[in-house]
Amino acid sequence: MKSAVETLNPTRVRLTVEVPFEELKPSLDAAYKKINQQVSVKGFRKGKIPARVIDQRFGRGAVLEEAVNDALPKFYTEAVNEGELNVLGQPEVDITELKDGEVLAFTAEVDIRPALEIPDYSGIEVEVDAVEVSDEDVDKSVEQLRERFASTTPVERAAQDGDVLTVNLEAKVDGEVLEDGVAQGVTYTVGSGELLDGIDDAVKGLEAGGEATFTSELKGGSAEGKEAEVKVEVTEVKSRELPELDDEFAQLASEFDTLEELKADSRKRLAQMKTYDQATQAQEKVLDELLKLVEVPMPEKLLADEVQTRTHNLEHHQLGQMGLDLDKYLEIQGKTREEFDAETKEQAEKGIKTQFILDELVNKEKLNVSQEELTEHLMRRAQSSGMSPDQFAQAVVEGGQVPMLVGEVARGKALAVVVEAATVKDTNGEVIELDDEDETAEEVVAAAEGADEAAADEKPEA
């Protein structure tokens, strides 16, 4: 077999392959055997029909077509390996010559990974938010905990902000009660902004047994988006009472004996959360600066496929679970289809560039992935997919997706190397030393590549 590579552009090549006919013999034999099992000829046992009879009855052309279809992937792969090409996606194959007993010739156009030059990245500098926990932050955290331990008491008075009501609802559109427009015994907190627009003004001032009617746009159901006349009946009014902020509350709501100990723990946890957010922010900003440093030619077909995949996942998985279609989603977001398409393309380009650059860094820095690192990453991905680690691992192995996970871990390690070489300062001018860089880097890389969405939307195929 002879092959030659022609570079069409930095991300696409054309392979020209010429195969001596004798190299087709294994595929020809396989073609005759396959046809033998599929047809019957009077006077011959099934599977024992001579090749000449098959040629006469069914045509040599049918045999050649079967043989070429069988052989092409093998010859294409040999040509790719001979040319030391890093191909992307499926090739576009064109058979240019097929002479029985002489030669098979074909061309294959395919996208390839572009050759990249990674410049010195040690000069990257980014600024991140300082880790500062104020007294107000602590008070807000404790207040949220306090809200969880609120109690309710029935009262005989008019409803007011903060009260918890039990209500019955009935929605009419064009004077007709909707089949799915009746709800009994619904719990609603006045002022929460939940349920329907206008309900707060309607129920304020009503006592148990009181009714009111208001107009609101329905947020779901068979008449979603339509204006409805809604009747609300209050059957019970309860006041919410918050526990006193004292040592007794600390003992009720936590493992601590005093309120001061509870506040100190809240401050510590908030600092940990802000430190984690700071590390993520640093990773994201360093990645953005790295992407600016490297010129990456973009394979157009790969980009188009990635845009289509992202749009499909959004439409058929994320929005489907929310009961929305793309038009409704765009209306809620206040975007045109053109703006959405442009944003999706920009995100897809960033994801592809991120993968190309970090893969190049993996090779340049000779980074390896240990079994322990792969297992930890698998556990995190399993959690995000909603599957157990064992189920996720089995699906990954059976779906042949282990190399994909290895690549995700390796790219996370590559970004961590860049972050370690960069200068990260907070808004106070302090140089920041980050911990657990590999883990946060994996998450940042996954977000840039869209892998988090894929994990949430489409579980690995077994």
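We use all heavy atoms of the structure for the numbers below, so side chains are in, but hydrogens, waters and symmetry mates are not.
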task = Determine, for Lys74 against Glu78, whether the closest basic-nitrogen to carboxylate-oxygen distance falls under 4.0 angstrom.
result = yes

request  = For residues Ile332 and Tyr329, determine if any side-chain heavy atom of one lies less than 4.5 Å from a side-chain heavy atom of the other.
outcome  = no

inquiry  = A side-chain contact here means heavy atoms from C-beta on lying under 4.5 Å apart; do Gln333 and Glu339 qualify?
reply    = no

ask   = Got a second to check how far Ile112's CD1 is from Asn9's CG, nearest 0.5 Å?
value = 8.0 Å

More than 12 heavy atoms from other groups under 6.0 Å of CD on Glu227 = yes

query = Side chains of Gln355 and Arg113: does their closest heavy-atom pair fall under 4.5 Å?
reply = yes

task = Give the intermediate values and the outcome of side chain to side chain contact (heavy atoms under 4.5 Å, CB included) for residues Ile199 and Phe214.
result = CA-CA 7 Å; Ile199 191 172; Phe214 63 100; 3.8 Å; yes

ask   = Around Asn368, counting heavy atoms of other residues, nucleotides and ligands shown, do more than 12 lie under 6.0 Å from its CG?
value = no

ask   = Is a salt bridge present between Lys140 and Glu143, judged by a nitrogen-to-oxygen distance below 4.0 Å?
value = no

remark   = Smallest heavy-atom separation, Gln401 atom then Ala395 atom, equals OE1-O, 4.3 Å

message = Before you tell me yes or no, could you show the steps for Gln144 and Glu147 under side chain to side chain contact (heavy atoms under 4.5 Å, CB included), namely the whole-Å CA-CA distance, both residues' side-chain angles and the distance that decides it to 0.1 Å?
response = CA-CA 5 Å; Gln144 288 172 343; Glu147 290 276 350; 5.6 Å; no

query = Just checking, any donor-acceptor pair under 3.5 angstrom between side chains of Ser122 and Asp120?
reply = yes

key: Spacing of NZ belonging to Lys301 relative to CG belonging to Leu303, to within rounding of 0.5 Å   = 11.5 Å

task = Mark yes when over 12 heavy atoms from residues, nucleotides or ligands other than Glu315 sit less than 6.0 Å from its CD; otherwise mark no.
result = yes

Which pairs of donor and acceptor atoms, one on a side chain in residues 99-110, lie under 3.5 Å apart (sequence neighbours left out)?
residue: Lys99; atom: NZ; partner: Glu97; partner atom: OE2; Å: 3.4
residue: Asp100; atom: OD1; partner: Arg60; partner atom: NE; Å: 3.4
residue: Asp100; atom: OD1; partner: Arg60; partner atom: NH2; Å: 2.9
residue: Asp100; atom: OD2; partner: Arg60; partner atom: NE; Å: 2.8
residue: Glu109; atom: OE1; partner: Arg12; partner atom: NE; Å: 3.4
residue: Glu109; atom: OE2; partner: Arg14; partner atom: NE; Å: 3.3
residue: Glu109; atom: OE2; partner: Arg14; partner atom: NH2; Å: 2.9

ask   = Under 4.5 Å between any side-chain heavy atoms of Val402 and Val397, yes or no?
value = yes

message = Working note: Leu28 + Leu64, criterion side chain to side chain contact (heavy atoms under 4.5 Å, CB included); need CA distance, chi angles, decisive distance, verdict.
response = CA-CA 7 Å; Leu28 276 171; Leu64 286 174; 4.0 Å; yes

request  = Heavy atoms only: give me the nearest Gln278-Ala130 pair and the separation to one decimal.
outcome  = NE2-CA, 4.0 Å

message = Would you say that more than 12 heavy atoms from the other residues, nucleotides or ligands in this model lie under 6.0 Å from the CG of Asn81, or not?
response = yes

ask   = Looking just at side-chain N and O atoms, do Asp137 and Ser134 make a donor-acceptor pair shorter than 3.5 Å?
value = yes

Rounded distance (nearest 0.5 Å) linking atom CD of Glu408 with atom CG of Leu358 = 12.0 Å

task = Using atom types as modelled and distance alone, determine if a side-chain donor or acceptor of Gln281 lies under 3.5 Å from a backbone N or O of Asp129.
result = yes

inquiry  = Does atom CE (Met273) have a neighbourhood of more than 12 heavy atoms from anything else shown, all under 6.0 Å?
reply    = no

key: Lys350 side chain to Ala448 backbone, donor-acceptor under 3.5 Å   = no

query = Checking side chain to side chain contact (heavy atoms under 4.5 Å, CB included) for the pair Ile95/Leu72: CA distance, chi angles, key distance, verdict?
reply = CA-CA 10 Å; Ile95 297 174; Leu72 271 178; 4.2 Å; yes

Salt-bridge criterion met for Arg310 and Glu306 (N-O under 4.0 Å) = yes

request  = Mind listing the closest non-hydrogen atom pair of Leu293 and Pro119 along with its distance?
outcome  = O-CG, 3.7 Å

key: Test item: Phe75 and Leu15 side chains (from C-beta on) under 4.5 Å apart, heavy atoms   = no

task = Salt-bridge test for Arg269 and Asp265: reply yes if a basic N is under 4.0 Å from a carboxylate O, no otherwise.
result = yes

ask   = Less than 4.5 Å apart, any side-chain heavy atom of Leu218 and any of Leu178?
value = yes

query = Got a donor-acceptor contact below 3.5 angstrom from the Asp70 side chain to the Glu66 backbone?
reply = no

task = Supply the atom-to-atom distance Ile357 CD1 to Leu291 CG, rounded to the nearest 0.5 angstrom.
result = 4.5 Å

Heavy-atom side-chain proximity of Leu378 to Arg381 below 4.5 angstrom = no

remark   = With Val230 as partner, the option from Thr215, Asp197, Leu196 fulfilling side-chain contact (heavy atoms from CB on, under 4.5 Å) is Leu196

task = Quick one: do Asp341 and Arg337 satisfy salt bridge (charged side-chain N to carboxylate O under 4.0 Å, His left out)? Show the steps, please.
result = CA-CA 6 Å; Asp341 288 342; Arg337 180 59 194 252; 3.0 Å; yes

inquiry  = Would you say that Leu361 contacts Leu290 through its side chain, given a criterion of any heavy-atom pair below 4.5 Å between the two side chains?
reply    = yes

Non-hydrogen atoms of Ala279 and Leu434 that approach each other most closely = CA-CD2, 3.9 Å

key: Donor-acceptor contact present, side-chain Arg267 to main-chain Val133, <3.5 Å   = yes

query = For Glu22, does the CD atom have more than 12 heavy-atom neighbours from other residues, nucleotides or ligands under 6.0 Å away?
reply = yes

key: Spacing of CE belonging to Met1 relative to CD belonging to Glu18, to within rounding of 0.5 Å   = 10.5 Å

task = Considering only NZ, NE, NH1 and NH2 on the basic side and carboxylate oxygens on the acidic side, decide whether Lys292 and Asp288 come within less than 4.0 Å.
result = no

With Glu23, the side-chain contact (heavy atoms from CB on, under 4.5 Å) member among Pro20, Ser27, Pro26 = Pro20

message = Within a 6.0 Å radius of atom NZ on Lys25, are there more than 12 heavy atoms belonging to other residues, nucleotides or ligands?
response = no

ask   = Is it true that a side-chain atom of Lys413 and a backbone atom of Val362 form a donor plus acceptor pair closer than 3.5 Å?
value = no

task = List the atom of Tyr188, the atom of Glu194, and the distance in Å for their closest heavy-atom pair.
result = CE1-O, 3.5 Å

message = Once rounded to the nearest 0.5 Å, what's the spacing between atom CG of Asp327 and atom CZ of Phe340?
response = 10.5 Å

ask   = Between Gly185 and Asn168, what is the shortest heavy-atom contact and its length?
value = N-OD1, 2.9 Å

query = Ignoring hydrogens and geometry, is there a side-chain-to-backbone donor-acceptor pair from Lys353 to Val296 under 3.5 Å?
reply = no

message = With a 6.0 Å cut-off (strictly less than), is the heavy-atom count around CD of Gln90, excluding the residue itself, greater than 12?
response = no

